[in-house]
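When a ligand or atom number is given, it counts from 1 through the structure's own listing order.
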Amino acid sequence: MRELEGQVAVVTGGSRGIGRAIALELSRAGASVAVVARSEKRAQDTVDALEGRGAAFGCDVADASRCADLVQAAEERLGPISILVNNAGITRDNVLVRMKDEDWDAVMSTNLRGAFNTTRAVARGMMKRRSGRIINIASVVGLTGNRGQANYAASKAGLVGFTKSVAQELAARGVLANVVAPGFIETDMTAELPDEAREALLGRIPLERFGAPEDVAGAVRFLAGPAASYMTGQVLVVDGGMVM
Ligand code: NAP
């Protein structure tokens, strides 16, 4: 089924990992996809693999004015944006007492401020058209906290509060906002975890495997499509049952 035929999606952090899988999945569902990463060249690699129309954009989501330009450029190339997936995210892990100001600021700027920048930039158009889907990729650690990730967990918890507020503000205009909270997914972000830590984590996952980017992409496709038209302000956890 190509339930997103004729729609235009923006996927931030779409050059690799979860974002790339989301871009490919939305494309399979029929959407044209604007793939965003700091490196336009890396974003283009994803666009080359899409099934239908798409375009690559280089944009640091932490920069508000570049996000406004991005939305304008994407709409000129592909048409009015109906789906925004805020997936760009980084980690700068450290225990609290050793965490540097710049580690805190970098994570907040990309993970939380970035979602604010892009969401504000698309909101007016979506409201005017009385339809739109905003899907923010948080993390289970935003719900539980995690040692060594005070900055990252705070940014992801912030994303949940942000999404619920946006959901309430925009519901009357037909714009829905939801969160997907992945558990441990095999990507570059998690590749460097030592074997011991991986084993310990695996023991906490009832489905007895780490997630694949495609597991998250399936949840995003659902939230972007007609089957989720009565859902807003929700957190969909995709973690193999780790957090219940
Ligand atoms: P990843 O493999 O490290 O990919 C991150 C993506 O974000 C890349 O495409 C990167 O491209 C882009 N990016 C980073 N900073 C950016 C910025 N300032 N502006 C624009 N793009 C930026 O990460 P991932 O594992 O796929 O994670 C994707 C999302 O899922 C993140 O929000 C992450 O927090 C969340 N998540 C991941 C896991 C997991 O286990 N992997 C679990 C829970 C949640 P460039 O480097 O070219 O900019």
Side-chain angles (χ1 to χ4, degrees), residues 10-25 33-47 49 56-67 69-71 74 84-93 102 105-119 121 135-146 149 151-160 162-163 179-193 197-198 201-202 204-205 209-217 219-220 235-240 242-243:
V10 172
V11 180
T12 70
S15 59
R16 53 194 150 87
I18 294 171
R20 178 180 165 93
I22 292 169
L24 295 174
E25 187 66 27
V33 185
V35 178
V36 183
R38 284 167 299 188
S39 155
E40 184 177 343
K41 192 165 164 289
R42 289 195 290 263
Q44 186 60 46
D45 289 343
T46 299
V47 171
F57 296 91
C59 171
D60 181 343
V61 295
D63 183 331
S65 76
R66 292 199 60 194
C67 288
D69 294 345
L70 162 74
V71 167
L84 169 66
V85 184
N86 285 308
N87 165 82
I90 58 167
T91 52
R92 292 280 186 278
D93 296 352
E102 47 271 36
D105 291 342
V107 167
M108 284 297 168
S109 301
T110 297
N111 299 11
L112 189 52
R113 170 95 203 204
F116 163 65
N117 288 339
T118 52
T119 303
I135 301 157
N136 294 328
I137 310 301
S139 165
V140 288
V141 311
L143 309 175
T144 62
N146 195 24
Q149 289 198 306
N151 52 356
Y152 182 78
S155 74
K156 296 302 190 179
L159 211 41
V160 173
F162 171 70
T163 308
V179 168
V180 173
F184 187 99
I185 310 295
E186 302 256 31
T187 68
D188 291 352
M189 187 179 270
T190 47
E192 278 164 26
L193 204 71
R198 290 173 78 90
L201 253 170
L202 199 53
R204 291 171 42 209
I205 301 175
R209 68 168 176 89
F210 295 128
E214 292 71 25
D215 292 317
V216 181
V220 172
V235 180
L236 203 51
V237 176
V238 180
D239 70 345
M242 188 163 63
V243 174

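Residues satisfying the salt bridge (Lys or Arg N to Asp or Glu O under 4.0 Å) test with R92, not counting sequence neighbours, are none. In this structure R209 satisfies the salt bridge (Lys or Arg N to Asp or Glu O under 4.0 Å) test together with D215, sequence neighbours excluded. Listed by chain and number, the residues in a salt bridge (Lys or Arg N to Asp or Glu O under 4.0 Å) with E40 amount to none (sequence neighbours excluded).
Checked by atom type and distance alone, the side chain of T12 pairs as donor or acceptor with a backbone atom of A88 at under 3.5 Å.
Here the side chains of N111 and I90 are in contact, with some heavy-atom distance below 4.5 Å.
Sorted by chain and number, the residues within 4.0 Å of ligand 1 by heavy atom are G13, G14, S15, R16, G17, I18, A37, R38, S39, R42, C59, D60, V61, N87, A88, G89, I90, T110, I137, A138, S139, Y152, K156, P182, G183, F184, I185, T187, D188, M189, T190.
Between F162 and F116, the ring planes lie perpendicular to each other; the angle is over 60°, past the 30° to 60° tilted range.
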